[in-house]
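Below: one structure, written as structure tokens.
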Amino acid sequence: MFALVDVNNFYASCERLFEPRLEGVAVVVLSNNDGCIIARSQEAKDLGIPMGEPVHKVKDVLRRERVRVYSSNYALYGDLSGRVVSVLKRFTPYLEVYSIDESFLDLGGFTDPAAHSHDIKDTVLRWTGLPVSVGVGATKTLAKAANRIAKKDPALGGVFIMPDDPDEVLGNLNTDAIWGIGRRLAARLDRIGITTALDLKNADSKFIRARFSVVVERTVLELRGTPCLALEMTVPAQKGIMVSRGFSRRVTDYRDIEAAVATYASRAAEKLRRQGLSTNKMTISLRTSPFSPAPERYANAAGFVFPEATSDTTHMIKAARHCLKKIYKPGLPYQKAGVFLDALEDTRRIQRGLFPPPGVDPDKSRALMKAVDRINADWGRNTVRFAVTGMQRSWAMKQNRKSPCYTTRWQDLKQVGG
DNA sequence: TCTGGGGTCCTAGGACCC
DNA sequence: TCTGGGGTCCTAGGACCC
């Protein structure tokens with residue numbers, strides 16, 4: 001028996017937590033660069049503001065309805081997410097943190113899942129101030145579906161237990177509402193007459209596997225109550241690291257893009273070291289806006305394989321500049337660049353080459369990076385950084401409406417007190 | 001004018017091996 | 001006209017998730 005606990009309108013609820021006057025008011029949170037709507041309070045949903053909508057398309061509604069608009073504040077959301085998880089862990093150690101606002105709990109052994117779910121919901125609200133919904137089912141997929149129903153119907157009080165015979169419930173659910181079935185699969189299923197979750201549950205699983213994939217076959221079995229997806233309590237090692245960001249304005253100048261790419265590479269290297277990992281391969285990507293007219297539309301990527309796995313920012317920046325030279329075309333209005341690190345491995349178990357790369361002293365490199373990380377941890381990000389990452393940084397992303405980091409920065413807390 | 005940033009897994013196909 | 005059979009590994013691309 002699985003429960004899925006999910007914070008309602010997570011980012012919007014986080015903003016509201018420290019601004020009680022936002023209670024009952026429409027709130028939206030924006031993506032990076034203040035580009036799209038990525039979270040909405042119930043009031044904002046009721047105004048018909050769609051998820052993922054570009055802000056400029058709903059500017060009028062936002063102004064007319066006096067919607068409160070926030071840039072995203074991931075330091076705040078990440079911290080509050082951790083608080084919710086720590087409350088959930090008091091109910092069971094068998095817990096999987098699935099995303100920033102969702103956890104699966106194993107409710108096996110509890111005799112009254114409904115009472116238990118209400119207890120979880122009430123406790124999280126009391127202790128963190130955040131409203132959650134709880135869905136319970138025999139498999140993760142059914143728990144997900146139950147959670148969705150709990151959210152949709154206010155009469156349920158935030159909790160829904162999937163009945164032993166779920167056919168009636170599943171008959172009212174479209175396939176694209178099922179976890180793992182996105183827009184494209186839903187369209188393909190629709191073409192062969194499978195439109196509801198119940199249709200999918202009753203489909204021939206071998207046929208589904210042949211026609212689609214093993215992933216969809218598993219969804220069929222999960223809908224039937226046969227668990228194919230286990231609770232993953234230990235966090236598996238990360239396989240790739242990505243740092244990519246749109247610019248605040250269109251950028252053409254090579255030096256600016258080089259500074260951006262070097263900045264992203266530095267950030268990626270920091271993430272890598274924090275997890276004790278090293279990378280064997282880097283890919284740099286660069287593009288103009290996909291919405292721009294054809295002659296300006298351009299996207300390209302170049303990769304670099306390191307002679308030996310590394311987590312040294314110096315090596316990253318060097319490789320990044322090397323790749324950028326290959327894909328940069330002068331004169332174009334660039335919109336976004338990114339750094340991907342691939343083929344990660346545990347730094348303690350790096351496969352050394354027979355002939356070490358010239359000019360690289362692993363001991364010195366490690367000592368330098370350690371010093372850099374410590375200075376930046378104590379004195380704030382970017383206290384020491386590489387000159388090539390730029391001084392003016394006029395390309396850096398827009399975040400004009402960010403709330404204070406109430407829970408992670410003393411300075412910001414004082415600001416609230418006046 | 002303005003359109004996010006991360007991740008995962010699976011499959012197909014190519015290169016290569018004996 | 002005929003052109004083996006069995007593998008592995010890697011990569012690119014497509015689908016999904018939040």
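A, B, ... follow the sequence lines: proteins, then strands. Residue 1 opens every chain.
Under 4.0 angstrom from either OP1 or OP2 of B:dG6 there lies at least one side-chain N or O belonging to A:K271. Residue A:R245 places at least one side-chain N or O closer than 4.0 Å to OP1 or OP2 of B:dG6. Residue A:K239 places at least one side-chain N or O under 4.0 Å from the OP1 or OP2 atom of B:dC9. Dashed line: the shortest gap from a side-chain N or O of A:K336 to OP1 or OP2 of B:dG5 is under 4.0 Å. OP1 or OP2 of B:dC2 lies within a sub-4.0 Å distance of a side-chain N or O belonging to A:R250. Between A:R218 and B:dC9 there is no side-chain polar atom (N or O) within less than 4.0 angstrom of OP1 or OP2.
Summarising the geometry, the separation between CG on A:L272 and P on B:dG7 is reported as 11 Å, rounded to the nearest angstrom. Distance A:L200 CG to C:dC16 P: 13 Å, rounded to the nearest Å. Atom CE in A:M397 sits about 9 Å away from atom C1' in B:dG5, given to the nearest Å. A:R209 has its CZ atom 17 Å from the P atom of B:dC9, to the nearest Å. At whole-Å resolution of the value, CG in A:D342 and P in B:dC9 are 13 Å apart. Between A:Y74 atom OH and B:dG7 atom P there is a gap of 12 Å when expressed in whole angstrom units. Taking atom CG on A:L277 and atom P on B:dG7, their separation rounds to 11 Å, with Å as the unit. Computed from coordinates, the A:N32 CG to B:dG7 P distance equals 13 Å when rounded to whole Å.
A:I241 comes within 4.0 angstrom of the backbone, heavy atoms only, and of no base. Note on A:D34: nothing from the nucleic acid sits closer than 4.0 angstrom, heavy atoms only. Residue contacts shown for A:V215 are limited to sugar-phosphate atoms, with no base heavy atom under 4.0 Å away. Using a 4.0 Å heavy-atom criterion, one finds that A:G240 contacts the sugar-phosphate atoms exclusively. Heavy atoms of A:L30 sit nowhere under 4.0 angstrom from any nucleic acid atom. Among the heavy atoms of the strands, none lies under 4.0 Å from A:E53. At the heavy-atom level, A:L229 lies nowhere under 4.0 Å from the strands shown.
Separation of the A:H322 and A:F304 ring centroids falls under the 6.0 Å cut-off. No close placement of the A:W179 and A:F2 rings is indicated, their centers lying 6.0 Å or farther apart. Ring to ring, A:Y264 and A:F340 are not that close: their centroids are 6.0 angstrom or more apart.
Surrounding CZ of A:R249 are more than 12 heavy atoms belonging to other residues, nucleotides or ligands, all under 6.0 Å away.
Distances were taken from every side-chain heavy atom of A:K144 (C-beta onward) to each of B:dG5, C:dC17, B:dT8; the shortest belongs to C:dC17. Comparing B:dG4, B:dG7, C:dC18 by their nearest atom to the side chain of A:Q238 picks out B:dG7. Set against C:dA12, C:dC16, C:dC18, the side chain of A:L185 has C:dC16 as its closest nucleotide. Of the candidates C:dC16, C:dA12, C:dC17, C:dC17 carries the atom nearest the A:Y98 side chain, counting heavy atoms from C-beta on. In the set B:dG5, B:dT11, B:dT3, B:dT11 carries the atom at the smallest distance from any side-chain atom of A:V214.
The aromatic rings of A:Y298 and A:Y334 lie perpendicular to each other, with more than 60° between the two planes, well past the 30° mark.
You can call A:F291 stacked on the base of B:dT3; the centres are under 5.5 Å apart and the planes sit within 30°.
Remark: A:R273 does not engage A:E270 in a salt bridge, criterion side-chain N to carboxylate O under 4.0 Å. Salt-bridge annotation for A:R348 and A:D346: present, with a side-chain N of the basic residue lying under 4.0 Å from a carboxylate O of the acidic one.
Where pairing requires Watson-Crick or G-U contacts shorter than 3.5 Å, the helical stems of DNA chain B with at least three consecutive pairs are B:5-18 with C:5-18.
Partner A:E217 forms a salt bridge (Lys or Arg N to Asp or Glu O under 4.0 Å) with one of A:R211, A:R209, A:R224 and no other, that one being A:R209.
Toward the 5' end of DNA chain B, the nearer of the two residues A:H56 and A:M242, judged by each one's closest nucleotide, is A:H56.
Sorted by first and then second residue, the salt bridge (Lys or Arg N to Asp or Glu O under 4.0 Å) pairs with a member in residues 72-87 of chain A read A:D79-A:R83; sequence neighbours excluded.
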